[in-house]
Amino acid sequence: MTSMWNPPDKDFFDTVWKIVRQIPEGKVSTYGQIASMIPPYEGTDPDAHQRLSPRWVGTAMRKVEDDDVPWQRVINSQGKISLPDQSGDKQRRLLEGEGVTFGKSAKVDLTEFGWEGPDDEWLDEHNLLPPNLFLKKPKQKPLF
DNA sequence: CGTTTGACTACGC
DNA sequence: CGCGTAGCCAAAC
């Protein structure tokens, strides 16, 4: 039930779009990183604090209609584009037009182009969490 | 109202 | 590195 969300937003699509609008030109973020910024919410089991699955960030990108949401700046955790070839090419061209470069295996170097997230003040204003930059094991160095 | 569906990810080879 | 797989979970149907 959407009313049980911690943030005041009515549904998580708005929250996802709001975050994606903060990604600056020339930078990229990942589905998992965006998802990690949204606080846990109460699921059907009150004890289980659920987090938004990165899949839903992808779903939110698919539903983007407003031109002010830079959907092309969200790629997957491998640094690659998660779209069928034709649309993927469009996304790649858009990013290249912003200065993002693709290396071997059509991968973006996240250490160079990865967005580190909004500043603390913005996060606080919107009741969101700092992005989890530790993509794999908790005690690992951040990937970017 | 139950089933299917992903613009995902971590992990094991 | 690449590839397959299990888990993911609200929305769409």
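Nothing here was measured: the structure is a model prediction, and the numbers come from that model. Chain naming here is simple, since letters A, B, ... match the order of the sequence lines and numbering starts at 1 in each.
The side chain of A:Q91 sits closest to B:dA7 out of B:dA7, C:dC9, B:dT9. Here the nucleotide nearest the side chain of A:W56, chosen from B:dT9, B:dA7, B:dG6, is B:dG6. In this structure, of B:dA7, C:dA11, B:dC8, it is C:dA11 that holds the atom nearest to the side chain of A:F13. Here the side chain of A:P54 is nearest to one of B:dT9, C:dA11, B:dA7, namely B:dT9.
For the pair A:N76 CG and B:dG6 P, the computed distance is 17 Å after rounding to whole Å. For A:M61 and C:dA11, the CE to C1' distance is 15 Å, given to the nearest whole Å. One interatomic measurement links the two molecules: CZ of A:R62 to P of C:dC9, which rounds to 18 Å at whole-angstrom precision. The CZ atom of A:F134 sits 17 Å away from the C1' atom of B:dA10 (whole-angstrom rounding). Rounded to an integer number of Å, the gap from CG of A:L95 to P of B:dA7 is 18 Å. Atom pair A:Q78:CD and C:dG4:C1' shows a separation of 13 Å (rounding to whole Å applied). Between the CG atom of A:L52 and the C1' atom of C:dG7 there is a distance of 15 Å, rounded to whole Å. For the pair A:I34 CD1 and B:dT9 P, the computed distance is 11 Å after rounding to whole Å.
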For A:V74 and A:Q33, what are the C-alpha separation, side-chain angles and deciding distance, and is it a side-chain contact (heavy atoms from CB on, under 4.5 Å)? CA-CA 9 Å; A:V74 184; A:Q33 185 188 165; over 6 Å; no
May I have the step-by-step check of side-chain contact (heavy atoms from CB on, under 4.5 Å) for A:V20 and A:V64, ending in yes or no? CA-CA 11 Å; A:V20 171; A:V64 163; over 6 Å; no
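Nucleic acid contact class of A:S105 (heavy atoms, under 4.0 Å, all strands): sugar-phosphate only. Across all strands, A:K63 comes closer than 4.0 Å only to sugar-phosphate atoms, never to a base (heavy-atom distances).
Taken from CD in A:E98 to CD1 in A:I23, the straight-line distance is 10.0 Å, to the nearest 0.5 Å.
Remark: the A:R55 side chain and the C:dC8 base include a donor-acceptor N/O pair separated by less than 3.5 Å.
A:W17 places a side-chain N or O within donor-acceptor distance of the main-chain N or O of A:A60, the cut-off being under 3.5 Å.
Counting heavy atoms from C-beta outward, A:S82 and A:I75 have side chains that stay 4.5 Å or more apart.
Taking only side-chain nitrogens and oxygens, A:S77 comes nearer than 4.0 Å to OP1 or OP2 of B:dA10.
Residue A:K80 is the one, among A:K80 and A:T59, whose nearest nucleotide of DNA chain C lies closer to the 5' end (criterion: closest heavy atom).
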